Amino acid sequence: MYKIFNTTQEASHYTAQRLLSRVQSNPCSNLGLATGSTMEPVYRRLLECLQREPIDLSQLTTFNLDEYIGLGGGHAQSYRYYMHQHLFDKLSIPEERINLPDGKAMDVDRACNSYSEAIRAAGGLDLQLLGIGSNGHIGFNEPYTCFSSRTHVIELSEQTRLDNGRFFADKKEVPTRAITMGILDILEAKEIVLLATGVKKAAIMADLFHSTVDEALPASALKQHPNVTIVLDCEAASLLPRHVFNEAVGLGEGVRL
Ligand code: F6R
């Protein structure tokens, strides 16, 4: 289902509300979280709402999607650092309930296996939050990642390294590899919310709309899932067919993926 909002702020607020509602209805939820610039206003909104109306987060468990290999939690561009800066340091989720892939793991294959295993042992993800790369990646599952993949090591594409170079002082510093939750891990979430904002995401959102289920476009795996909401602002939705845009804007109901 598509939900299209006039502004990035509205789309982000709606997404934050979906996370909050999930935790309010079940304080023991397992949330799959994402990083990246798209999520910053979502986490800001989440914090605002929780400040206004605190809820008990002591039973909440989080699993992040991905982490660069070679960057420890003290590195300002690691996803662990991002999550602490934007969310975890301002909330009272018990440290032992916060899970991120370990970019510094000595035995990386073992770390990958245990990550997927930990998600399953926790009972699976109740809600997975996703952004999308300009090449259609979800998590760091780059084009042609197998749709039955579990947490694994991925060679980052040139496109992704170029896109993410904006966060690093020098583009050459962008790591070449990452650990990412697999597509099957993502698809096993009970509910998925994908947020894309800004004109830079318009082309990939149109490609996704027109695509069949195809490993060349990782996000197309979501078309196999029964409970996905794609949340867009008007810019990200601007290249969708007019009728989809018109039906989903403001209403957001009834438009199939
Ligand atoms: C990050 C992640 C990625 C990003 C995607 C978009 O944890 O899973 O898939 O969501 O690269 O990043 P931004 O939001 O920076 O455009």
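Quick caveat, the model's predicted, so the values are computed rather than measured. Whatever order the structure lists them in is the order used to number ligands and atoms, beginning at 1. Just so you know, residue 1 is the first one in the sequence shown, and it goes up from there.
- Within the structure, ligand 1 has Arg166 among the residues with a heavy atom less than 4.0 angstrom away.
- Under 4.0 angstrom from ligand 1, the non-hydrogen atoms of Leu65 all belong to its side chain.
- Under the 4.0 angstrom criterion for non-hydrogen atoms, Lys201 is in contact with ligand 1.
- Residue Thr35 holds the heavy atom nearest to atom 4 (C) of ligand 1 of all those in Thr35, Asn141, Leu33.
- In terms of N/O distances under 3.5 Å, ligand 1 is approached by Gly139.
- Donor-acceptor pairing under 3.5 Å is lacking for the side chains of Thr8 and Thr197.
- Residue Met39 does not touch ligand 1, judged by heavy-atom distances below 4.0 Å.
- Heavy-atom contacts of Gly36 reach the following atoms of ligand 1: 14 (O), 15 (O) (cutoff under 4.0 Å).
- Of all the heavy atoms of Ile132, the ones lying under 4.0 Å from any atom of ligand 1 belong exclusively to the backbone.
- Between Ser37 and ligand 1, at least one N/O pair is under 3.5 Å apart.
- Contacts with ligand 1 closer than 4.0 Å are made by side-chain heavy atoms of Asp66 only, the backbone lying farther away.
- When the heavy atoms of Met181, His137, Met83, Lys200 are ranked by distance to atom 5 (C) of ligand 1, first place goes to His137.
- Every atom of ligand 1 with a heavy atom of Thr38 under 4.0 Å away is listed here by number and element: 13 (P), 14 (O), 16 (O).
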